[in-house]
Participant: 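The structure under discussion is supplied below as structure tokens; questions concerning it will follow.
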Amino acid sequence: MHRIDALLREYDRARAYTDDLWKDLAPDEVTWRPHENSSAIGWHLGHQAHVAHFMVRNLTAAEPSPDPELDGLMDSASPEKFRGALPTIERLTAFRDTVAERVHARMRAIASGNVTAPEQLTIVASHLLTALINHEYQHDQWISEVRADNLGHPLPPDPEGDCVRRLDGYLVVDGL
């Protein structure tokens, strides 16, 4: 139970870092793509949430998508050249927030034992949250590159935490 709580705090820390990378940008910067075979910052934001929903849904609780129209667009199986028609910033933000709320709700249900097979799902939840956090940071790296290299904005400092470090240039949560 304590591990899931700690991982949820790390999940929130990773999401807050993502917000530090994009919330001060203009909407046209969030949707801008360096070239046709690249993804805009906004796509990465939607993709992070899409993967979180999809993994929680498929590994712990079958529930419908909070925004089914975004599922195909935000799936990494969609070729990059088809990732240009992004939803509004407000819709992306609402999607991200709803998914995060659902992640928290499901993980808290698992941590409190309010699920079938609570011991098995506790193990699944721990690995799932670690993967979600590291996936968030993986895309943060790519968001950082567009933000700094292409748009010329400074980067925020790395998040501080005992279990957050850089590995191969990417932030990861490790050792929890």
Side-chain angles (χ1 to χ4, degrees), residues 4-35 37-57 59 66-67 70-71 73-80 83-84 86-104 107 125-176:
I4 291 175
D5 290 339
L7 284 165
L8 281 171
R9 283 190 299 278
E10 291 301 328
Y11 176 66
D12 291 342
R13 182 191 321 264
R15 290 187 74 254
Y17 181 70
T18 302
D19 287 347
D20 288 345
L21 290 171
W22 78 274
K23 287 234 172 170
D24 65 334
L25 300 177
D28 63 325
E29 291 177 308
V30 175
T31 58
W32 178 79
R33 294 167 31 163
H35 52 80
N37 290 317
S38 66
S39 301
I41 288 171
W43 181 85
H44 290 284
L45 298 171
H47 174 73
Q48 289 165 317
H50 170 72
V51 168
H53 161 71
F54 212 72
M55 289 181 70
V56 169
R57 181 191 96 177
L59 298 175
D67 195 335
L70 294 182
D71 289 348
L73 174 63
M74 298 304 170
D75 193 318
S76 60
S78 299
E80 287 175 321
R83 297 178 186 173
L86 295 174
T88 65
I89 301 301
E90 294 78 19
R91 187 172 174 191
L92 279 172
T93 302
F95 181 60
R96 286 178 59 80
D97 291 347
T98 300
V99 168
E101 289 166 9
R102 288 183 177 187
V103 168
H104 271 268
M107 296 304 120
S126 295
H127 292 287
L128 172 63
L129 279 168
T130 301
L132 291 181
I133 295 161
N134 288 332
H135 181 257
E136 187 85 11
Y137 283 141
Q138 177 186 27
H139 285 271
D140 285 350
Q141 180 61 32
W142 300 331
I143 291 169
S144 295
E145 291 168 5
V146 172
R147 176 189 172 90
D149 299 345
N150 299 109
L151 299 173
H153 292 285
L155 293 174
D158 286 353
E160 293 182 19
D162 294 338
C163 298
V164 178
R165 63 186 178 110
R166 285 210 175 259
L167 187 63
D168 297 329
Y170 292 83
L171 288 167
V172 295
V173 65
D174 187 33
L176 246 174

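What you see below is based on every heavy atom in this structure, not just the backbone, and it leaves out hydrogens, waters and symmetry mates. Model, not experiment: these values are computed from the prediction.
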Participant: First locate atom CD1 of Ile41, then atom CG of Leu151, and finally report the distance between them rounded to the nearest 0.5 Å.
Facilitator: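 Result: 5.5 Å between the selected atoms.
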Participant: With sequence neighbours excluded, what pairs up with His104 under the side chain to side chain contact (heavy atoms under 4.5 Å, CB included) test?
Facilitator: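 Per chain and number, His104 pairs via side chain to side chain contact (heavy atoms under 4.5 Å, CB included) with Leu8, Tyr11, Asp12, Arg108.
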Participant: Any side-chain heavy atom of Arg15 sitting closer than 4.5 Å to one from Asp97?
Facilitator: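 Yes, close enough: below the 4.5 Å cut-off.
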Participant: At their closest point, which heavy atom of Val146 faces which heavy atom of Pro34, and how far apart are they?
Facilitator: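 Where Val146 meets Pro34 most closely, the heavy atoms are CG2-CG, 4.3 Å.
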Participant: Within the supplied structure, the quantity of interest is the number of heavy atoms (other residues, nucleotides, ligands) at a distance under 6.0 Å from Asp28 CG; does it exceed 12?
Facilitator: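 Yes - once you tally the heavy atoms of other residues, nucleotides and ligands closer than 6.0 Å, there are more than 12.
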Participant: First locate atom NE2 of His44, then atom CG of Leu92, and finally report the distance between them rounded to the nearest 0.5 Å.
Facilitator: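 Between atom NE2 of His44 and atom CG of Leu92 there are 12.0 Å.
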Participant: Are Leu132 and Val56 packed together at the side-chain level, in the sense that at least one heavy-atom pair is separated by less than 4.5 angstrom?
Facilitator: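 Counting from C-beta outward, Leu132 and Val56 do come under 4.5 Å.
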Participant: I need the minimum non-hydrogen distance between Trp22 and Thr18, along with the two atoms involved.
Facilitator: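 Trp22 and Thr18 have their closest heavy atoms at CD1-O, 3.0 Å.
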Participant: Determine all donor-acceptor pairs shorter than 3.5 Å in which one atom belongs to a side chain in residues 167-176; sequence neighbours excluded.
Facilitator:
residue : atom : partner : partner atom : Å
Tyr170  : OH   : Trp142  : NE1          : 3.2
Asp174  : OD2  : Arg165  : NE           : 3.2
Asp174  : OD2  : Arg165  : NH2          : 2.7

Participant: As an exercise, state the distance from CD of Glu145 to CG of Leu155, rounded to the nearest 0.5 Å.
Facilitator: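 Glu145 atom CD to Leu155 atom CG measures 9.5 Å (nearest 0.5 Å).
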Participant: Side-chain donor-acceptor contacts of residues 48-55 below 3.5 Å, not counting sequence neighbours, with atom names and distances?
Facilitator:
residue : atom : partner : partner atom : Å
Gln48   : OE1  : Arg96   : NH1          : 2.9
Gln48   : NE2  : Glu136  : O            : 2.9
Gln48   : NE2  : Asp140  : OD1          : 3.1

Participant: Dump the intermediate steps for salt bridge (charged side-chain N to carboxylate O under 4.0 Å, His left out) on Arg147 and Asp20, then the final yes or no.
Facilitator: CA-CA 11 Å; Arg147 176 189 172 90; Asp20 288 345; over 6 Å; no
Participant: Take Asp158 and Val164 through the test side-chain contact (heavy atoms from CB on, under 4.5 Å) and record every step on the way to the result.
Facilitator: CA-CA 9 Å; Asp158 286 353; Val164 178; over 6 Å; no
Participant: Find out whether Leu86 and Leu73 are in side-chain contact, i.e. whether some heavy atom of one side chain is under 4.5 Å from a heavy atom of the other.
Facilitator: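 They are in contact (side-chain heavy atoms under 4.5 Å apart), so the answer is yes.
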Participant: Are any of the side-chain heavy atoms of Leu45 and Ile143 separated by less than 4.5 Å?
Facilitator: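 Yes, their side chains come closer than 4.5 Å.
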Participant: Going by distance alone, is a donor N or O of one side chain under 3.5 Å from an acceptor N or O of the other, for Arg83 and Ser39?
Facilitator: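 Yes.
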Participant: For a side-chain contact (heavy atoms from CB on, under 4.5 Å) check, start with the C-alpha distance between Arg13 and Ile133, then their side-chain angles and the critical distance, and finish with the verdict.
Facilitator: CA-CA 9 Å; Arg13 182 191 321 264; Ile133 295 161; over 6 Å; no
Participant: State, to 0.1 Å, how close Tyr17 and Ser144 come at their nearest heavy-atom pair, and which atoms those are.
Facilitator: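 Reported closest heavy-atom pair: OH-OG, 4.1 Å.
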Participant: Kindly indicate whether the side chain of Asp71, heavy atoms from C-beta on, has any atom under 4.5 Å from the side chain of Asp75.
Facilitator: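 The answer is no; the side chains never approach within 4.5 Å.
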Participant: Is the shortest heavy-atom distance from the side chain of Pro87 to the side chain of Met74 under 4.5 Å?
Facilitator: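 In short, these two side chains touch, coming nearer than 4.5 Å.
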Participant: May I ask you to test the Trp43-Ser76 pair for a side-chain heavy-atom distance under 4.5 Å?
Facilitator: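 Counting from C-beta outward, Trp43 and Ser76 do come under 4.5 Å.
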Participant: Can you see which heavy atom on Phe95 is nearest to which on Gly46, and at what distance?
Facilitator: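 So the minimum-distance heavy-atom pair works out to CE2-O, 3.4 Å.
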Participant: Flag the pair Tyr137 / Arg166 as yes when at least one side-chain heavy-atom distance between them is below 4.5 Å, and no otherwise.
Facilitator: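 Not in contact.
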